[in-house]
> 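What follows is a single structure, and I will ask about it in a moment.
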Amino acid sequence: MNAPVTRAQLAVLPEASLRYPGSVEVKIIGSDEVKTKDAEPDPAFAGAILTTAATQSQLYAWYSQWLTARGYQQVAYYRMTDQVSGMAWRAPKGREQVQVSVFDPAQLAVQQHITAQAPAGGVVYEAVLVGYRVNTR
């Protein structure tokens, strides 16, 4: 597969709109694959920034249970500087990943200009489906 992966291709897959129950959408996010100077392009992604009253542990446990029940395997996650934690799961065929990360709301506002307030005891998080042209590890 040599054609660039698009946000639209990912957005129709159920994992692109997988939300922890009761989450409130702050912003829909996504991008088509973007060519870079490196051999590997920045991958396409589709998802959202959300808030939930769940704790970080409850959030990750729910995603882990849902995804592993469907054959996804946990893989390394490399968090961004405005995130306090994150997890990723690779699709059974290896070309997509679901990535879930929890933000530091102050850093999210500074770095991405997105203001979101977590409910008491809850978190601001991102859930995205990332599409790669090649199988991931």
> Looking at every heavy atom in both V12 and Q9, which two are closest together, and how far apart are they?
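That closest heavy-atom pairing would be CG2-O, 3.3 Å.
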
> Is any side-chain heavy atom of K93 closer than 4.5 Å to a side-chain heavy atom of R95?
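When only atoms from C-beta onward are counted, R95 and K93 do not touch, as no gap falls below 4.5 Å.
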
> State, with a plain yes or no, whether a side-chain heavy atom of S85 is found less than 4.5 Å away from one of Y60.
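Yes, close enough: below the 4.5 Å cut-off.
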
> Return the minimal non-hydrogen interatomic distance between P43 and G131, and the atom names on each side.
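That would be CB-O, 3.3 Å.
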
> Go through it in stages, so that I can follow the logic: the residues are S101 and R79, the test is side-chain contact (heavy atoms from CB on, under 4.5 Å), and I'd like the CA-CA distance, side-chain angles, deciding distance and then a yes or no.
CA-CA 7 Å; S101 55; R79 69 181 178 86; 5.8 Å; no

> Taking only residues two or more places apart in sequence or in another chain, which ones pass side chain to side chain contact (heavy atoms under 4.5 Å, CB included) with E25?
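Once residues adjacent in sequence are excluded, the partners of E25 under the side chain to side chain contact (heavy atoms under 4.5 Å, CB included) criterion are R19, I28, A48, L50.
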
> After noting the C-alpha distance and the side-chain angles of Y132 and E96, does the key distance pass the side-chain contact (heavy atoms from CB on, under 4.5 Å) rule?
CA-CA 6 Å; Y132 297 91; E96 295 91 27; over 6 Å; no

> Just to verify, what does E15 make a salt bridge (charged side-chain N to carboxylate O under 4.0 Å, His left out) with, not counting sequence neighbours?
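None.
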
> Any pair with a residue in residues 97-116 that passes salt bridge (charged side-chain N to carboxylate O under 4.0 Å, His left out), sequence neighbours left out, goes on the list, sorted by first then second residue, please.
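Passing the test, one end in residues 97-116: no pairs.
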
> Check whether the side chains of Q73 and R90 place a donor and an acceptor atom closer than 3.5 Å, and report yes or no.
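Yes, R90 and Q73 have a side-chain donor paired with an acceptor closer than 3.5 Å.
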
> Can you find a pair of side-chain heavy atoms, one from E126 and one from F103, that are under 4.5 Å apart?
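Answer yes - side chains close enough.
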
> For residues W62 and L18, determine if any side-chain heavy atom of one lies less than 4.5 Å from a side-chain heavy atom of the other.
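Heavy-atom side-chain distance check passes, below 4.5 Å.
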
> Measuring from atom OG of S17 to atom CG of L129, what distance do you get when rounded to the nearest 0.5 angstrom?
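S17 atom OG to L129 atom CG measures 9.5 Å (nearest 0.5 Å).
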
> Which atom names give the shortest non-hydrogen contact between P105 and A116, and what distance separates them?
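Smallest heavy-atom distance, with atoms named: CB-O, 3.7 Å.
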
> Are I49 and V124 close enough that some pair of their side-chain heavy atoms sits under 4.5 Å apart?
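In contact.
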
> What I'd like to find out is whether the side chain of M87 reaches to under 4.5 Å of the side chain of Q74, using heavy atoms alone.
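Yes, their side chains come closer than 4.5 Å.
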
> What heavy-atom pair brings A76 and A88 nearest, and what distance separates the two atoms?
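A76 and A88 have their closest heavy atoms at O-CB, 3.9 Å.
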
> Might you work through the side-chain contact (heavy atoms from CB on, under 4.5 Å) test for Y20 and V123, ending with a clear yes or no?
CA-CA 11 Å; Y20 184 88; V123 296; over 6 Å; no

> For Q83 and Y78, which I'm curious about, is there any donor-acceptor pair between the side chains at under 3.5 Å?
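Side chains of Q83 and Y78: no pair found under 3.5 Å.
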
> At their closest point, which heavy atom of A109 faces which heavy atom of T115, and how far apart are they?
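Closest approach of A109 to T115: CB-OG1, 4.4 Å.
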
> Could you check whether T51 and Y125, counting side-chain N and O atoms only, form a donor-acceptor pair closer than 3.5 Å?
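Their side chains do not contain a donor-acceptor pair, so the 3.5 Å distance test is not met.
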
> Check the hydrophobic clustering (I, L, V, M, F, W, Y; side-chain heavy atoms under 4.5 Å; chains of links allowed) and say if V98 and W66 are grouped together.
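Same cluster.
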
> Any link between Y77 and L108 through a network of hydrophobic side chains (Ile, Leu, Val, Met, Phe, Trp, Tyr) touching at under 4.5 Å?
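No, no single cluster joins them.
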
> Do we see a donor-acceptor contact under 3.5 Å between the side chains of Q107 and T81?
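T81 and Q107 do not have a side-chain donor-acceptor pair below 3.5 Å.
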
> If you apply the rule side-chain contact (heavy atoms from CB on, under 4.5 Å), what do you find for I114 with V26, and how did you get there?
CA-CA 8 Å; I114 297 170; V26 173; 3.9 Å; yes

> Indicate whether the side chain of S64 and that of Y72 have a donor and an acceptor atom separated by less than 3.5 Å.
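Y72 and S64 do not have a side-chain donor-acceptor pair below 3.5 Å.
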
> Are any of the side-chain heavy atoms of V5 and D32 separated by less than 4.5 Å?
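When only atoms from C-beta onward are counted, D32 and V5 do not touch, as no gap falls below 4.5 Å.
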
> Once rounded to the nearest 0.5 Å, what's the spacing between atom CD of Q58 and atom OG1 of T52?
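That separation rounds to 8.0 Å.
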
> For A53 versus P119, what's the shortest heavy-atom pair and its separation?
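Minimum heavy-atom separation between A53 and P119: N-CG, 3.8 Å.
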
> Mind checking the CD1-CD spacing from I29 to Q112? Nearest 0.5 Å is all I need.
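Going from the CD1 atom of I29 to the CD atom of Q112 covers 7.0 Å.
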
> Heavy atoms, side chains only, cut-off 4.5 Å: are E33 and P41 in contact?
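Side-chain contact under 4.5 Å: yes.
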
